[in-house]
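Here's the structure, in structure tokens; my notes come after.
The sequence lines fix the lettering, A, B, ..., with proteins before strands; numbering per chain opens at 1.
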Number of protein chains: 2
Amino acid sequence: MTSYVRQMLQKGPLHARIIERFDDMSEQLQQAARHILEHPQEVALVSMRELARNAGVQPSTMTRLAKFLEFSGYEDFREQHADVIRVSADGFAARALQREEGAANGEGLAYRMLQGLSAQIDRLRDPDTISRLDTMAEHLAKARRIFVLGLRSCHSVAWHFHYVMTLLGEKTVHLDGPAGTSGDPLIRATHEDVLLAISINPYSLQTLELAEAAREKGLSILAITDSEVSPLVTIAEHVVFFPTESQTFFHTLAPALAVSEVLCGLLASRDRAAALKELKLADRHLSAMNTYATSIPRRKI
Amino acid sequence: MTSYVRQMLQKGPLHARIIERFDDMSEQLQQAARHILEHPQEVALVSMRELARNAGVQPSTMTRLAKFLEFSGYEDFREQHADVIRVSADGFAARALQREEGAANGEGLAYRMLQGLSAQIDRLRDPDTISRLDTMAEHLAKARRIFVLGLRSCHSVAWHFHYVMTLLGEKTVHLDGPAGTSGDPLIRATHEDVLLAISINPYSLQTLELAEAAREKGLSILAITDSEVSPLVTIAEHVVFFPTESQTFFHTLAPALAVSEVLCGLLASRDRAAALKELKLADRHLSAMNTYATSIPRRKI
DNA sequence: CGAAATATGCAACAACTGTTTTATAAATCA
DNA sequence: TGATTTATAAAACAGTTGTTGCATATTTCG
């Protein structure tokens, strides 16, 4: 519980005040507060109405939130946030100190792993990978249906791609049935469809077999894999590569997940309006199904 | 002369632009410019009229200065200064949210997304998160058994954690059975076990219910979630936070996956020898099962 | 169940925003 | 010097700001 207090102090008394009273807020106030907790500087940098727009609440909700937190009004609230920026700006020494502390702490494995993962994803921004991503998004967009295949360690990536795409529409089919039925959906696949295969070394045999079967059915194979000499390269029409090395003795899939998310982003951005419409649809369905906690039951669940 | 150039570069391109054209300005413009050079953040933090008042010039002078510096107007000038604050404060998580135009056609979206993801994972190296990760690894290591729970978008993270952990031994149980049996493994859970729950906003009701049920059975709840006001925070003994903001309109889980991999890494590193032995074991089993392509069949599969 | 209380969306408000125009003063130059 | 350009101040402008009161849902409770 001490660490909770420490965190509050670290992030400043404004955060603390919001978190403290969060439980007593109404649904809308919570939504506004949540957005402010995630983007504190924006309070001082944009107008209230714009902030409200970004948070998805009414302008008046912001005024109400400010008063709820016992500020005289939103302008008071805003001024406090501006002060935080002011002191942290010329508090150059403070920032240097923080960095120092981080460096001293930097012996830890967690620190090194995160640094490594960040750098690997950063390196994906090279022109070759970017153009490969764009091309693959093009292929995916043109396909009638997308079969997504990723087994074992790559299951997480494949499933996440499929999940996000489901929210954006109904183009993807996830090849991961139970009881050995993974490949069954391919029965009705045609040459208009594509197979998005994800695999890393060591390459799962089942993935390769299914991919080969799909190719013989006339499907285009698109691959996300870890190496130029991956077996998927030879049968795929287009490939995107990602690194898997990590400081540990197992492979990392964070870069692969990043690649998959970028593809989703590119696909969604091709028709923002349609994507947004689909998202709204999914939203309505899920709330009708009572999937999510709408009001957040903080105390008595 | 070198120190002049260096100063310009240090303080950023906005300062440089002002200094460069300073000599050509009229008296009033210089007075305005001088004030801005001395208080750069104020441009973004107060209104133009107030800034003009503080600088001792007319409001219109500020507009004229902005146009003199070849901005489209003062609002453009102000937005640039806001961006400087944003990047120096927390990277640029919030920036993309406003930029509808640039993101509209998806121009360079891949590049920007990767840059953002990399920065977000980089920021996880702050001392608080590191210490939270270490503490959570401690808790996980002490537990007799680890039940892993992550539904919907968090399924990928939960499953990946479980998958890696199974390669390292047999401590984890994945709560994601078919046909609504997710919670069944908890039947034989005791207070020696822990539940690792992963959830982001909007929070899946089923996750919260299962977590609450586990807590009532005496299990410690460990949470990986997206906010200090996540409903998991109140019922969890320890929490690690990660960001989910992305340039698209769906959340990113790459940082969450990074967190999960770091935890695996920390756990494995506590007993390298044992972990390696388990890995060998898994290796032998999988090759006996003919799971992977051993020789890479590049041409003829 | 109905009544009281609360939460939320909406529209109107005056105040203030950044910008532009107009009038006046100062500087420049033939 | 007087004509002409330039610089500045003041005022007017449309658009936006933060705020408030009111009508309508929604929740709470006897």
Side-chain angles (χ1 to χ4, degrees), chain A residues 14 18 21-36 39 42-83 280 283-284 287-288 290 292-301, chain B residues 14 21-36 39 42-83 98 100 229:
Chain A
L14 285 176
I18 297 174
R21 311 259 358 245
F22 192 86
D23 295 335
D24 304 333
M25 296 180 193
S26 76
E27 198 179 334
Q28 292 298 300
L29 289 188
Q30 289 196 347
Q31 189 167 339
R34 198 185 304 275
H35 185 261
I36 289 174
H39 312 282
E42 294 301 303
V43 175
L45 295 178
V46 305
S47 76
M48 183 201 77
R49 285 175 124 97
E50 194 168 337
L51 189 71
R53 223 171 294 135
N54 294 336
V57 300
Q58 293 280 339
S60 37
T61 303
M62 287 295 173
T63 298
R64 286 167 182 150
L65 176 62
K67 298 206 164 166
F68 180 86
L69 295 170
E70 287 163 330
F71 294 90
S72 71
Y74 183 83
E75 294 207 302
D76 186 10
F77 187 58
R78 186 197 150 102
E79 197 52 39
Q80 303 270 5
H81 280 262
D83 280 344
K280 285 260 162 65
D283 216 42
R284 224 169 311 134
S287 74
N290 213 15
Y292 296 122
T294 46
S295 78
I296 295 171
R298 294 257 296 168
R299 289 270 167 247
K300 53 175 182 166
I301 189 161
Chain B
L14 284 176
R21 311 255 4 242
F22 192 85
D23 295 336
D24 302 336
M25 296 178 193
S26 76
E27 197 181 333
Q28 293 297 298
L29 289 189
Q30 288 197 350
Q31 188 167 338
R34 190 170 290 117
H35 184 261
I36 289 174
H39 312 283
E42 294 301 303
V43 175
L45 296 179
V46 304
S47 77
M48 186 201 76
R49 285 175 124 97
E50 192 168 337
L51 189 71
R53 223 172 294 135
N54 296 337
V57 299
Q58 291 283 336
S60 38
T61 304
M62 287 296 173
T63 298
R64 288 172 182 140
L65 176 63
K67 298 205 164 168
F68 181 83
L69 294 170
E70 285 163 333
F71 293 90
S72 72
Y74 182 81
E75 294 208 303
D76 187 12
F77 187 59
R78 185 198 152 104
E79 195 53 37
Q80 303 271 358
H81 281 263
D83 277 347
Q98 274 99 15
E100 293 257 338
V229 293

> Do B/Ile36 and B/Leu65 pass the side chain to side chain contact (heavy atoms under 4.5 Å, CB included) test, and can you show the C-alpha distance, the side-chain angles, and the key distance before you say yes or no?
Replying inline: CA-CA 11 Å; B/Ile36 289 174; B/Leu65 176 63; 3.7 Å; yes
>> Quick check on contacts: within residues 42-53 of chain B, what sits under 4.0 Å from DNA chain C by heavy-atom distance?
In response: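 Contacting residues: B/Ser47, B/Met48, B/Arg49.
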>> Set out, in order, the CA-CA distance, both residues' side-chain angles and the distance that settles side chain to side chain contact (heavy atoms under 4.5 Å, CB included) for B/Leu45 and B/Glu50, then state yes or no.
In response: CA-CA 10 Å; B/Leu45 296 179; B/Glu50 192 168 337; over 6 Å; no
Show me the protein contacts with nucleotides 4-8 of chain C, counting only N or O atoms at under 3.5 Å.
unit_1, atom_1, unit_2, atom_2, d
C/dT8, OP1, A/Glu27, N, 3.3
C/dT8, OP1, A/Gln28, N, 3.0
C/dT8, OP2, A/Ser26, OG, 2.1

> So do the side chains of B/Phe77 and B/Thr63 get within less than 4.5 Å of each other, counting heavy atoms only?
Replying inline: no
>> Angle between ring planes, B/His39 versus B/His35, binned at 30° and 60°: parallel, tilted or perpendicular?
In response: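 Tilted, since the angle between the ring planes falls between 30° and 60°.
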> What is the distance, rounded to the nearest whole Å, between atom CG of B/Leu65 and atom C1' of D/dA7?
Replying inline: 14 Å
> Starting at CZ of B/Arg78 and ending at P of C/dT19, how long is that distance when rounded to a whole Å?
Replying inline: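 Distance, rounded to whole Å: 11 Å.
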> Which residues in residues 66-76 of chain B have at least one heavy atom lying under 4.0 Å from any atom of DNA chain D?
Replying inline: none
side-chain hydrogen bond (donor to acceptor under 3.5 Å, both in side chains) with [X]: which residues, sequence neighbours excluded?
{"X": "A/Glu75", "answer": "none"}
{"X": "B/Asn54", "answer": "none"}
{"X": "A/Gln80", "answer": "none"}

>> Donor-acceptor check, side chain of B/Arg78 to backbone of B/Gly73, threshold 3.5 angstrom: yes or no?
In response: no
>> Looking at every non-hydrogen atom in both residues, tell me the closest pair between B/Gln30 and B/Phe22 and how far apart they are.
In response: NE2-O, 3.0 Å
> Below 4.0 angstrom from OP1 or OP2 of D/dT19, is there any side-chain N or O of A/Thr63?
Replying inline: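 Yes, such a contact exists.
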> To the nearest 0.5 Å, how far apart are CD in A/Glu70 and CZ in A/Arg21?
Replying inline: 6.0 Å
